[in-house]
Visitor: 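Got a structure for you, written out below as structure tokens; questions coming shortly.
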Amino acid sequence: MIFILSRIRVDYFLIRTSILNRRLSNLNINDEDYSLSTIMTDSVQVKEGKANIRLPEGAVFYNPAQVFNRDLSVACLRLVSKYHHENECKRMLKNDPNATCIPFDQLTAGVRQENGLKIAEALSATGLRSVRYAREIPGIDTIYANDIDAGAVESIKQNIELNDVKNLVQPSHDDAMSLLYNHRKIDEQFHVVDLDPYGTPAQFLDGAVQCIKKNGVICITATDMASLCGNNPHSCYSKYGSIPLHQPFCHEFALRMILYTLHLQAARYDRIIEPLLCMSIDFYVRLFVRINYGSAKAQSQLGDIATVYNCIYCTSFYFQPYGQASLDERGNAKFKYAHGPPVGTTCSHCGSNLRVGGPIWLGPLFDHSFVGELITSIEQAPEDSYAYRERMLSMLHVVQEELPDPLYFDNGKLAQIMHTQMPQNKILRSALLNAGYKVSTTHARQDAIKTNAPHAVIWDIMRAFGEQSPTKRAATERLNTETPYYRLLTKPSTIKVDFTEHPDWESEARKNKLIRFLGNPHARWGPLGKAVTKKKRSSDEIDSAQNKKQTKSDADSSSEENV
């Protein structure tokens with residue numbers, strides 16, 4: 001029996017391996033029948049957006065799950081290019097009122113624009129992202145497509161030739177940190193730095209901050225979500241200088257830890273961060289952050305940094321800011337010490353112990369005016385501009401409605417804590433609105449709410465909901481009075497809860513039937529392994545390997561006959 005099961009597993013492995021090793025001559029991400037197995041081949045040509053690239057032989061550089069990332073990046077940088085072009089026009093007209101400036105809408109993508117955006121893609125791999133920027137975004141001066149791997153740089157050069165973007169994209173064979181540090185001089189700085197590493201971007205943030213121009217934008221991707229979401233707190237601290245919390249709000253917490261780290265790097269050089277769009281997407285996070293200059297402004301952002309106290313039972317969270325900072329009439333920073341601590345030795349709601357996380361960024365994650373213009377830009381773009389056009393619009397509409405208040409509550413977790421069934425969004429949102437508070441959804445998690453209501457109000461609503469719930473639970477007098485659940489259940493209510501359906505409970509995104517959370521389009525949809533390049537073998541080495549395989553196959557056949 002054991003032998004039969006072993007043979008079945010071996011046969012399954014051989015079949016699966018043969019499927020993964022299929023060779024395809026062409027791959028179009030718009031095709032509905034492609035999957036991750038089709039990209040793990042020795043030689044594939046990929047068409048994405050307006051770019052056509054050839055993957056290097058034997059390397060796994062391309063992941064369809066990141067197409068959304070690149071689509072969003074193209075849309076955001078197109079808007080950044082528009083802002084830059086308008087500022088350049090204002091500067092030119094100020095110096096010469098008779099000068100003529102071409103409107104941004106009349107610029108052509110693929111044509112070099114003097115004084116346009118200077119972009120650095122520090123970890124370029126195949127150069128796909130740089131090629132898409134060159135072919136789809138007008139108003140670009142130069143793009144540095146850099147990689148430390150010699151094979152990757154050869155692939156970048158081939159793809160530049162294939163897409164005829166030699167006038168815009170410049171291949172670079174250098175360490176990413178060297179590239180960034182070598183462009184710290186003002187006249188050599190970049191308007192945009194794009195960081196999309198395998199894993200953490202932490203080690204590149206200092207170089208990116210130093211080589212970015214005033215009002216420049218740093219684009220960051222982080223895929224090390226295991227560390228950021230609390231599975232490896234020690235690893236996260238060594239990278240970001242912050243302790244994660246393994247709670248339902250961990251994805252937003254991850255964004256705020258990265259922003260804290262970026263703020264810390266920027267403040268060292270009297271620079272400030274202005275998040276334009278920071279999102280949790282699938283298995284990674286993507287941030288677009290504008291960097292501005294000014295020592296006073298950098299010091300005033302101290303009030304946006306805080307340590308987080310988190311209850312180990314009811315998940316309530318409390319913030320301890322590092323200070324109170326503001327700007328006076330002259331633009332000078334005024335600092336006041338923060339008052340605290342915000343909590344006692346135990347949670348004020350259930351009496352449980354507290355764990356400490358952070359520091360994190362408390363400021364906004366989005367610039368709502370930027371998001372609004374981005375939505376308009378995507379809607380006005382041709383239908384075939386982005387493969388994930390509808391999903392981008394859905395997520396951005398949710399982001400536009402999201403409250404700036406830090407962190408959120410998960411409906412399922414609230415129900416689990418109160419030993420009741422999960423309340424519908426309509427019920428929770430109506431109760432909060434009827435109590436006079438604001439409420440919204442979050443782009444980072446399904447069935448979760450954001451609100452400016454105190455935590456005591458949340459638990460008042462959950463207690464009232466539990467009393468109406470048909471779920472059976474033990475009578476209060478039969479519960480152990482020393483448990484957190486008993487303390488939470490017997491806490492006096494601070495408001496009169498009203499579950500009457502509120503006319504504004506439904507968000508605009510929901511009314512317009514915009515679907516934010518979609519299922520994965522294919523099996524094994526997610527991050528791939530680190531890119532590796534196969535070394536080309538000589539004919540003698542290939543013959544030797546084939547002989548070894550044949551010898552091993554004969555030996556396996558002999559063993560099966562003996563069995």
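The first residue in the sequence is number 1, and the count goes up from there. Since the model is a prediction, treat every value here as computed from it, not as a measurement.
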Visitor: Please check: side-chain N/O of Lys491 versus main-chain N/O of Asp460, any donor-acceptor pairing under 3.5 Å?
Guide: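 The answer is no, because no donor-acceptor pair under 3.5 Å joins these two groups.
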Visitor: Ignoring hydrogens and geometry, is there a side-chain-to-backbone donor-acceptor pair from Asn146 to Ala122 under 3.5 Å?
Guide: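 Checking the backbone N and O of Ala122 against the side chain of Asn146, a donor-acceptor pair under 3.5 Å is found.
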Visitor: Distance check, rounded to the nearest 0.5 Å: Asp447 atom CG versus Phe409 atom CZ?
Guide: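 It comes to 15.5 Å.
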Visitor: Please lay out, stage by stage, how Lys214 and Asn292 fare under the test side-chain contact (heavy atoms from CB on, under 4.5 Å).
Guide: CA-CA 5 Å; Lys214 184 177 181 179; Asn292 217 322; 3.3 Å; yes
Visitor: Can you tell me if Thr346 uses its side chain to pair, donor with acceptor, with the backbone of Asn353 under 3.5 Å?
Guide: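 Judged by distance alone, no pair lies under 3.5 Å.
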Visitor: Looking only at heavy atoms, what is the nearest atom pair of Met418 and Leu488, with distance?
Guide: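 The pair with the smallest heavy-atom distance is SD-CD2, 3.6 Å.
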Visitor: Would you say the side-chain atoms of Tyr313 pair up with the backbone N or O of Ile417, donor to acceptor, closer than 3.5 Å?
Guide: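 Pair found, side chain donor or acceptor close to backbone of Ile417.
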Visitor: Check whether the side chains of Tyr309 and Gln320 place a donor and an acceptor atom closer than 3.5 Å, and report yes or no.
Guide: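 No, no side-chain donor-acceptor pair sits under 3.5 Å.
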Visitor: Is the side chain of Arg290 donor-acceptor paired with the backbone N or O of Ile272 at a distance under 3.5 Å, no angle test?
Guide: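 It does not hold such a pair.
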Visitor: Mind checking whether Leu276 and Cys76 have side chains closer than 4.5 Å, heavy atoms only?
Guide: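 Not touching, per the 4.5 Å side-chain cut-off.
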Visitor: Give me the atom names and distance for the closest heavy-atom approach of Gln301 to Ile273.
Guide: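 The pair with the smallest heavy-atom distance is NE2-O, 2.9 Å.
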Visitor: Quick one: does Ser227's side chain get under 4.5 Å of Thr200's, heavy atoms only?
Guide: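 Ser227 does not reach Thr200 side chain to side chain.
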Visitor: Considering non-hydrogen atoms only, spot the tightest contact between Ala415 and Gln421 and give its length.
Guide: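 Closest pair (atom of Ala415, atom of Gln421, distance): CB-O, 3.5 Å.
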Visitor: Distance-only, no hydrogens or angles: does the Asn434 side chain make a donor-acceptor pair with backbone N or O of Asp498 under 3.5 Å?
Guide: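 Between the backbone of Asp498 and the side chain of Asn434 there is a qualifying donor-acceptor contact (under 3.5 Å).
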Visitor: Rounded to the nearest 0.5 Å, what separates atom CG in Asn232 from atom CG in Asp224?
Guide: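 It comes to 10.0 Å.
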Visitor: Would Asp206 and Tyr181 count as having a side-chain donor-acceptor pair, cut-off 3.5 Å?
Guide: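 Yes.
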Visitor: Donor-acceptor pair, distance only, cut-off 3.5 Å: does the side chain of Tyr388 make one with the backbone of Asn69?
Guide: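 Flag not set: sc Tyr388 to bb Asn69 has no pair under 3.5 Å.
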Visitor: What residues form a ring-ring contact (aromatic ring centres under 6.0 Å, His included) with His191, not counting sequence neighbours?
Guide: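 With neighbours one apart ignored, the set is His84.
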Visitor: Do Lys450 side-chain atoms and Asp405 backbone N/O form a donor-acceptor pair below 3.5 Å?
Guide: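 Checking the backbone N and O of Asp405 against the side chain of Lys450, a donor-acceptor pair under 3.5 Å is found.
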Visitor: Distance alone, cut at 3.5 Å: any donor-acceptor contact between the side chains of Thr307 and Tyr322?
Guide: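 The answer is yes; a qualifying pair exists.
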Visitor: Ignoring hydrogens and angles, tell me if any N or O in the side chain of Thr442 forms a donor-acceptor pair with the backbone of Ala448 under 3.5 Å.
Guide: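 Judged by distance alone, no pair lies under 3.5 Å.
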Visitor: Check whether any side-chain heavy atom of Val497 sits under 4.5 Å from a side-chain heavy atom of Gln468, and report yes or no.
Guide: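 Val497 vs Gln468: side chains apart.
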Visitor: For the residue pair Phe317 and Phe249, is the inter-centroid distance of their aromatic rings smaller than 6.0 Å?
Guide: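 Aromatic pair counts; centres sit under 6.0 Å.
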Visitor: Classify the angle between the aromatic ring planes of His443 and Phe366 as parallel (below 30°), tilted (30 to 60°) or perpendicular (above 60°).
Guide: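 Taking Phe366 first and then His443, their aromatic rings stand perpendicular (interplane angle over 60°).
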Visitor: To the nearest 0.5 Å, tell me how far Cys350 SG sits from Leu489 CG.
Guide: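 Nearest 0.5 Å value for the SG-CG distance: 12.5 Å.
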Visitor: Could you check whether the rings of His263 and Tyr260 sit parallel, tilted or perpendicular, using 30° and 60° as the cut-offs?
Guide: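 Tilted.
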Visitor: Which heavy atom in Ser493 sits nearest to a heavy atom in Arg463, and how many Å separate them?
Guide: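 Smallest interatomic distance, heavy atoms only, reads CA-NH2, 4.3 Å.
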Visitor: Is any side-chain heavy atom of Leu365 closer than 4.5 Å to one of Leu259?
Guide: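 Sidechains of Leu365 and Leu259: in contact.
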Visitor: Using every non-hydrogen atom in the two residues, find where Ala325 and Gly303 come nearest and quote the distance to one decimal.
Guide: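 Looks like CB-N, 4.3 Å.
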Visitor: Within a radius of less than 6.0 Å around NE2 of His246, do more than 12 heavy atoms belonging to other residues, nucleotides or ligands occur?
Guide: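 No - once you tally the heavy atoms of other residues, nucleotides and ligands closer than 6.0 Å, there are 12 at most.
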Visitor: Examine the side chains of Thr315 and Gln247 and answer whether a donor and an acceptor come within less than 3.5 Å of each other.
Guide: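 There is no such pair (donor and acceptor under 3.5 Å, judged by atom type) between the side chains of Thr315 and Gln247.
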Visitor: Does any part of the side chain of Arg429, heavy atoms only, come nearer than 4.5 Å to the side chain of Thr441, both counted from C-beta?
Guide: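 They are in contact (side-chain heavy atoms under 4.5 Å apart), so the answer is yes.
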Visitor: Can you check whether Thr126's main-chain N or O pairs, donor with acceptor, with Ser124's side chain at less than 3.5 Å?
Guide: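 No: the side chain of Ser124 does not pair with the backbone of Thr126.
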Visitor: Under the criterion side-chain contact (heavy atoms from CB on, under 4.5 Å), I'd like the reasoning laid out for Leu354 against Cys347: C-alpha separation, chi angles, the key distance, then a yes or no.
Guide: CA-CA 6 Å; Leu354 301 168; Cys347 175; 4.0 Å; yes
Visitor: Cut-off 3.5 Å, side chains only: do Arg129 and Ser73 have a donor facing an acceptor?
Guide: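 Yes, side-chain donor-acceptor contact under 3.5 Å.
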Visitor: Apply the test side-chain contact (heavy atoms from CB on, under 4.5 Å) to residues Leu228 and Phe253: give CA-CA distance (whole Å), side-chain angles for both, the deciding distance (0.1 Å), then the verdict.
Guide: CA-CA 8 Å; Leu228 287 166; Phe253 205 88; over 6 Å; no
Visitor: In a check of salt bridge (charged side-chain N to carboxylate O under 4.0 Å, His left out) between Asp71 and each of Arg132, Arg389, Arg391, which one passes?
Guide: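 Going through the options one by one, the only one that passes is Arg132.
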Visitor: Does any part of the side chain of Gln265, heavy atoms only, come nearer than 4.5 Å to the side chain of Arg271, both counted from C-beta?
Guide: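 They are not in contact (no side-chain heavy atoms under 4.5 Å apart), so the answer is no.
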Visitor: Under the criterion side-chain contact (heavy atoms from CB on, under 4.5 Å), I'd like the reasoning laid out for Thr223 against Gln66: C-alpha separation, chi angles, the key distance, then a yes or no.
Guide: CA-CA 11 Å; Thr223 59; Gln66 289 282 9; 4.1 Å; yes
Visitor: If you measure from CG on Asp304 to CD1 on Ile360, what distance do you get to the nearest 0.5 Å?
Guide: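 Interatomic distance, Asp304 CG to Ile360 CD1, rounded to 0.5 Å: 11.0 Å.
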Visitor: Between atom CD of Gln424 and atom OG of Ser430, what is the distance when rounded to the nearest 0.5 Å?
Guide: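 One gets 10.0 Å once the value is rounded to the nearest 0.5 Å.
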Visitor: Look at the aromatic rings of Tyr318 and His455 and report parallel, tilted or perpendicular, splitting at 30° and 60°.
Guide: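 Ring orientation, 0 to 90° scale: tilted.
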Visitor: Side chains of Leu407 and Phe319, heavy atoms from C-beta outward: is any pair under 4.5 Å?
Guide: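 They are in contact (side-chain heavy atoms under 4.5 Å apart), so the answer is yes.
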Visitor: Do other residues, nucleotides or ligands put more than 12 heavy atoms under 6.0 Å from the CD atom of Glu373?
Guide: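 Enclosed.
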Visitor: When rounded to the nearest 0.5 angstrom, what is the spacing between SG in Cys211 and CG in Leu180?
Guide: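 These two atoms lie 4.5 Å from each other.
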Visitor: Looking only at the side chains, is there a donor atom on one of Tyr133 and Asp194 sitting less than 3.5 Å from an acceptor on the other?
Guide: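 Yes, because at least one side-chain N or O of Tyr133 sits under 3.5 Å from a partner of the opposite role on Asp194.
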Visitor: Could you list the residues that satisfy ring-ring contact (aromatic ring centres under 6.0 Å, His included) with Phe190, not counting sequence neighbours?
Guide: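 With neighbours one apart ignored, the set is Tyr144, His183.
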Visitor: Determine the minimum heavy-atom distance between Phe499 and Ile461, stating which atoms define it.
Guide: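 Heavy atoms only, the tightest pair is CZ-O, 3.6 Å.
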Visitor: Would you say Met225 and Val285 make side-chain contact, with heavy atoms under 4.5 Å?
Guide: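 Yes. Closest side-chain heavy atoms under 4.5 Å.
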